[in-house]
2 protein chains.
Amino acid sequence: MQPIAPSSREKILETAEVLFAARGFSAVGMREVADRVGLSKSALFHHFASKLELYLAVVERILVDIDARQEAAAQPKSDAFERVWHWIEVTIDTLAENPSHARLLLRTLFEEDDVAPEDEDHLDQLLAKILRRVGQAIQEGIDRGELRPVSIPHTLQSIVGMTVYHFASGPVGEKLFGDEIYSSAQVRQRKEEVFQLLRRGLLVTID
Amino acid sequence: MQPIAPSSREKILETAEVLFAARGFSAVGMREVADRVGLSKSALFHHFASKLELYLAVVERILVDIDARQEAAAQPKSDAFERVWHWIEVTIDTLAENPSHARLLLRTLFEEDDVAPEDEDHLDQLLAKILRRVGQAIQEGIDRGELRPVSIPHTLQSIVGMTVYHFASGPVGEKLFGDEIYSSAQVRQRKEEVFQLLRRGLLVTID
DNA sequence: GTCTATACACCGATAGAC
DNA sequence: GTCTATCGGTGTATAGAC
């Protein structure tokens with residue numbers, strides 16, 4: 001299977017993803033995107049009718065990727081905490097593998113979207129679907145008496161904070177870890193630390 | 001003690017804080033700030049020689065406030081976890097009281113700063129000072145055998161993620177909690193949820 | 001300190017040739 | 001699909017009167 005030459009559209013999306021992730025919507029100009037791709041601005045506007053359309057396409061691409069990875073990795077587990085942890089592990093792998101994903105996901109989560117409700121709804125639904133997976137696993141764990149009766153929204157926020165924020169944290173995070181946030185050793189340790197915290201924090205009985 | 005009429009400079013800082021917190025550096029124009037304050041653009045540039053200077057002043061103001069509150073609330077505790085928790089509680093109160101603080105703090109933490117090293121250093125040191133407080137408390141708890149031997153940087157990231165991200169989370173967070181993230185009831189519950197998670201997650205022995 | 005007026009670069013977006 | 005050229009608007013920042 002030979003590498004396929006990426007289409008213009010894909011090259012644009014990849015380039016824009018890096019820029020938007022690093023600096024956000026407003027701080028990135030269409031000219032800069034075009035230059036990096038090696039196109040003129042006009043050619044760029046031929047592929048994406050507006051800057052907002054490009055941005056939304058970039059965000060959707062990331063959410064679809066995260067969703068697909070979780071879907072692909074889904075496996076029936078009898079143990080509720082194992083399911084929660086499996087979700088987190090897959091998510092951490094995804095975020096660690098691509099820092100731009102983490103950055104842009106964090107922006108999507110906390111930035112005010114002054115976007116037309118139509119386009120926003122689609123992304124909101126994708127996001128909700130992603131979060132629902134782990135939310136349901138937690139709920140089932142509680143129902144079965146396996147997990148403490150925590151608040152689902154609060155626990156979701158904690159999990160997002162511990163995963164997405166960590167891999168999105170910029171210079172501050174890099175300073176804390178000596179620029180090695182994404183090294184395999186640090187990713188492994190991140191998993192271990194979060195695992196221990198959540199296992200003790202969520203389980204009713206620790207074996 | 002009668003309320004003092006805020007100076008122009010203070011009014012500008014307050015106004016800019018709200019705008020920068022909501023939309024970030026690039027998405028806010030000096031014209032908009034000036035209009036909201038009720039000044040002309042030129043008058044605004046008289047008080048702050050550049051947009052970057054205004055932004056840095058806003059961020060510094062927030063960091064100083066957070067630092068001062070923690071300093072004021074500091075009290076000697078024999079118990080290491082109690083000290084950690086006290087720090088978190090004070091921080092949560094500060095963030096919950098002023099959503100703009102949480103937003104802007106999160107931006108400062110994860111946004112790439114293309115700022116001149118001179119100005120950045122000052123803010124970095126303030127930030128480091130704020131984080132060092134809780135980092136040291138955790139370290140002492142570990143040394144005394146009171147807390148599990150967790151990684152300090154990882155635990156800091158988790159704590160920041162659970163506090164700053166939560167109160168900075170925009171529409172997504174509001175959706176999860178029905179627009180009541182900042183209500184006293186939800187703030188109280190946030191504290192309780194984080195407290196339980198960390199107490200179980202960090203302490204060696206749970207009484 | 002505040003204003004009006006303006007400089008000038010860059011923005012997103014379009015027109016129209018090839 | 002890609003280009004050059006250009007539009008109208010806005011961005012930060014400045015000059016100079018009051």
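Chain letters run A, B, ... following the sequence lines, proteins first and then strands; every chain starts at 1. Note: hydrogens, waters and symmetry copies are ignored here, and every other heavy atom, side chains too, is used.
- Toward the 5′ end of DNA chain C lies the nearest nucleotide of B/G38, the other residue of the pair B/G38 and A/S26 mapping further downstream.
- The listed nucleotides are C/dT2, C/dG12, D/dA13; the one nearest the side chain of B/H46 is C/dT2.
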> Which is it for B/Q125 and B/D121 under the side chain to side chain donor-acceptor pair (under 3.5 Å) test, yes or no, and what are the steps along the way?
Replying inline: CA-CA 6 Å; B/Q125 283 175 16; B/D121 263 6; 5.1 Å; no
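- Whole-Å rounding puts the B/D35 CG to C/dC3 P distance at 10 Å.
- With D/dA13, D/dT2, C/dT2 as the choices, the nucleotide that has an atom nearest any side-chain atom of B/A43 turns out to be C/dT2.
- Across the protein-nucleic acid pair, A/F45 atom CZ and D/dT6 atom P stand 18 Å apart, rounded to whole Å.
- Side-chain atoms of B/S42 and base atoms of C/dA5 include a donor and an acceptor less than 3.5 Å apart.
- When rounded to the nearest whole Å, the span between CZ of A/F25 and P of C/dG12 equals 8 Å.
- Summarising the geometry, the separation between CZ on B/R31 and P on D/dG9 is reported as 13 Å, rounded to the nearest angstrom.
- A/V33 comes within contact range of no nucleotide atom at all, as no heavy-atom separation falls under 4.0 Å.
- With B/R133 as the fixed residue, the side chain to side chain contact (heavy atoms under 4.5 Å, CB included) test singles out one of B/T91, B/V84, B/D67: B/D67.
- Using cut-offs of 30° and 60° on the angle between ring planes, the pair B/H166 and B/F177 is perpendicular.
- Between A/L44 atom CG and C/dT14 atom C1' the separation is 14 Å, expressed in whole Å.
- Here the shortest heavy-atom pairing between A/A96 and A/Y182 reads O-CD2, 3.6 Å.
- Of the side-chain N and O atoms in B/S40, none sit less than 4.0 angstrom from OP1 or OP2 of C/dA5.
- The interatomic distance linking B/E32 (CD) with D/dT12 (C1') rounds to 15 Å, in whole Å.
- Between B/E192 and B/R188 there is no salt bridge, since none of the side-chain N atoms of the basic residue sits less than 4.0 Å from a carboxylate O of the acidic one.
- Protein atom CE of B/M30 is 12 Å distant from nucleotide atom P of D/dG11, rounded to whole Å.
- With hydrogens and angles left out, the side chain of A/K41 and the base of C/dG12 share a donor-acceptor pair within 3.5 Å.
- Rounded to whole Å, the distance from CZ on B/F48 to P on D/dT14 is 16 Å.
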